[in-house]
Visitor: 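I'd like to ask you about the structure that follows.
Only this structure's heavy atoms are used, side chains among them; waters, hydrogens and symmetry mates stay out.
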Amino acid sequence: MIIQRVVLNSRPGKNGNPVVENFRVEEFSLPDALNEGQVQVRTLYLSVDPYMRCKMNEDTGTDYLAPWQLAQVADGGGIGIVEESKHQKLAKGDFVTSFYWPWQTKAILDGNGLEKVDPQLVDGHLSYFLGAIGMPGLTSLIGVQEKGHISAGSNQTMVVSGAAGACGSLAGQIGHLLGCSRVVGICGTQEKCLFLTSELGFDAAVNYKTGNVAEQLREACPGGVDVYFDNVGGDISNTVISQMNENSHIILCGQISQYNKDVPYPPPLPPAVEAIRKERNITRERFTVLNYKDKFEPGILQLSQWFKEGKLKLL
């Protein structure tokens with residue numbers, strides 16, 4: 001069987017910006033027969049995420065992400081339907097997902113590496129398993145639960161950078177649901193700011209492309225910042241950290257402003273900002289959702305429940 005797939009054609013370099021020419025589409029021949037334990041799947045949805053920029057380098061800079069290999073198929077979060085099965089627990093017609101789904105129209109995969117998904121959890125919207133009811137949702141929920149130290153009734157203020165993105169938009173809502181009294185988002189357009197406040201329940205939003213960010217943030221967070229869900233790093237994060245309270249917490253979800261630069265992860269803070277962090281005893285620990293696989297199942301059920309109850313709005 002001839003299928004189409006996307007392979008890594010070239011690398012952008014650690015300090016370069018990705019371009020279309022880094023990838024190519026090619027035809028590929030799948031074996032005609034399955035081995036025991038394998039399934040043939042048809043791809044329905046693929047997720048393209050910021051962390052994949054690291055996979056385009058020879059060295060991803062992390063121990064949990066393997067780099068994509070030149071002339072080999074790219075992979076990531078995906079969902080598909082089983083078309084043929086030689087696996088005891090998977091049958092034709094089952095919907096399945098994997099964090100290592102190949103970017104190809106059809107594939108033969110080891111059934112043990114697939115998770116069966118229930119369309120009823122997302123009211124039939126299967127793509128949600130790659131978003132709010134999937135890895136971005138779990139990253140937001142578990143990150144806030146494990147690293148945010150939110151205590152309902154404690155009058156905590158949470159700030160989210162990259163607040164209109166896949167994780168940020170969920171993290172702010174989850175912050176409210178878990179007990180934050182005030183949630184402020186940072187994003188890059190007035191339209192996004194309005195969406196955060198009018199649709200997603202954020203109490204305020206800061207447009208980092210207009211005006212003085214420090215002043216806008218001070219106005220939005222008069223009592224300082226207790227929890228910071230950091231998706232971007234760089235200057236924005238330095239500004240937020242400088243306004244954080246004593247014994248506050250940074251949830252280090254991503255550093256997207258730094259992904260096209262050859263810097264370690266997480267990138268070190270400037271000396272003056274690091275001095276503030278230490279003086280105020282602000283925690284800033286690396287967070288990897290894959291280290292919390294035991295929390296995935298209850299997390300998916302919680303996210304699904306909030307979604308069905310209308311408490312969690314999706315992009």
Visitor: Examine the side chains of Arg53 and Asn57 and answer whether a donor and an acceptor come within less than 3.5 Å of each other.
Guide: yes
Visitor: Compute whether any side-chain donor of one residue and acceptor of the other, for Ser161 and Tyr228, lie under 3.5 angstrom apart.
Guide: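 The criterion, which ignores hydrogens and geometry beyond distance, is satisfied for Tyr228 and Ser161.
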Visitor: With hydrophobic residues grouped by side-chain heavy-atom distances under 4.5 Å, do Leu130 and Leu126 end up in a single group?
Guide: yes
Visitor: Side chains of Asp110 and His87: any donor to acceptor distance under 3.5 Å?
Guide: no
Visitor: Which atom pair, heavy atoms only, marks the closest approach of Ile251 to Gly148?
Guide: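 Smallest heavy-atom distance, with atoms named: CD1-CA, 3.7 Å.
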Visitor: Check whether more than 12 heavy atoms from other residues, nucleotides or ligands sit under 6.0 Å from atom CD of Glu115, and answer yes or no.
Guide: no
Visitor: Is Leu109 linked to Ile2 within one hydrophobic cluster, defined over Ile, Leu, Val, Met, Phe, Trp and Tyr using a side-chain heavy-atom separation of less than 4.5 Å?
Guide: no
Visitor: Does atom CD of Glu27 have more than 12 heavy-atom neighbours, drawn from other residues, nucleotides or ligands, at distances under 6.0 Å?
Guide: no
Visitor: Only one of Ile300, Val117, Leu138 forms a side-chain contact (heavy atoms from CB on, under 4.5 Å) with Ile133, so which one is it?
Guide: Ile300
Visitor: Do Asn9 and Asn22 have a side chain donor and acceptor closer than 3.5 Å?
Guide: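 Looking only at side-chain atoms, Asn22 and Asn9 do not form any donor-acceptor pair under 3.5 Å.
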Visitor: Closer than 3.5 angstrom, by distance alone: can the side chain of Ser98 be matched with the main-chain N or O of Leu114 as a donor-acceptor pair?
Guide: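 It does not hold such a pair.
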Visitor: Atom CD of residue position Glu219 - does it have more than 12 heavy atoms of other residues, nucleotides or ligands inside 6.0 Å?
Guide: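 No, because the 6.0 Å sphere around CD of Glu219 holds 12 heavy atoms or fewer from other groups.
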Visitor: Would one find more than 12 heavy atoms of other residues, nucleotides or ligands at under 6.0 Å from atom NZ of Lys308?
Guide: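 Yes.
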Visitor: Between Asp226 and His149, does any side-chain donor sit less than 3.5 Å from a side-chain acceptor?
Guide: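 Note: Asp226 and His149 side chains miss the donor-acceptor criterion.
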Visitor: Which residues pass the ring-ring contact (aromatic ring centres under 6.0 Å, His included) test with Phe307, sequence neighbours left out?
Guide: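 For Phe307, the residues satisfying ring-ring contact (aromatic ring centres under 6.0 Å, His included) (neighbours in sequence not counted) are Tyr128.
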Visitor: If the condition is ring-ring contact (aromatic ring centres under 6.0 Å, His included), which residues does Phe99 pass it with, not counting sequence neighbours?
Guide: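 Result, ring-ring contact (aromatic ring centres under 6.0 Å, His included) vs Phe99: Tyr51.
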Visitor: Report the residue from Val144, Val232, Val240, Asn231 that forms a side-chain contact (heavy atoms from CB on, under 4.5 Å) with Val160.
Guide: Asn231
Visitor: For Ser237 and Asp230, test the side chains for any donor-to-acceptor distance below 3.5 angstrom and give the result as yes or no.
Guide: yes
Visitor: What pairs with Tyr292 under ring-ring contact (aromatic ring centres under 6.0 Å, His included), at least two apart in sequence or on another chain?
Guide: Phe287
Visitor: With the side chain counted from C-beta on, respond yes when Leu44 and Arg42 share a heavy-atom pair under 4.5 Å apart, and no when they do not.
Guide: yes
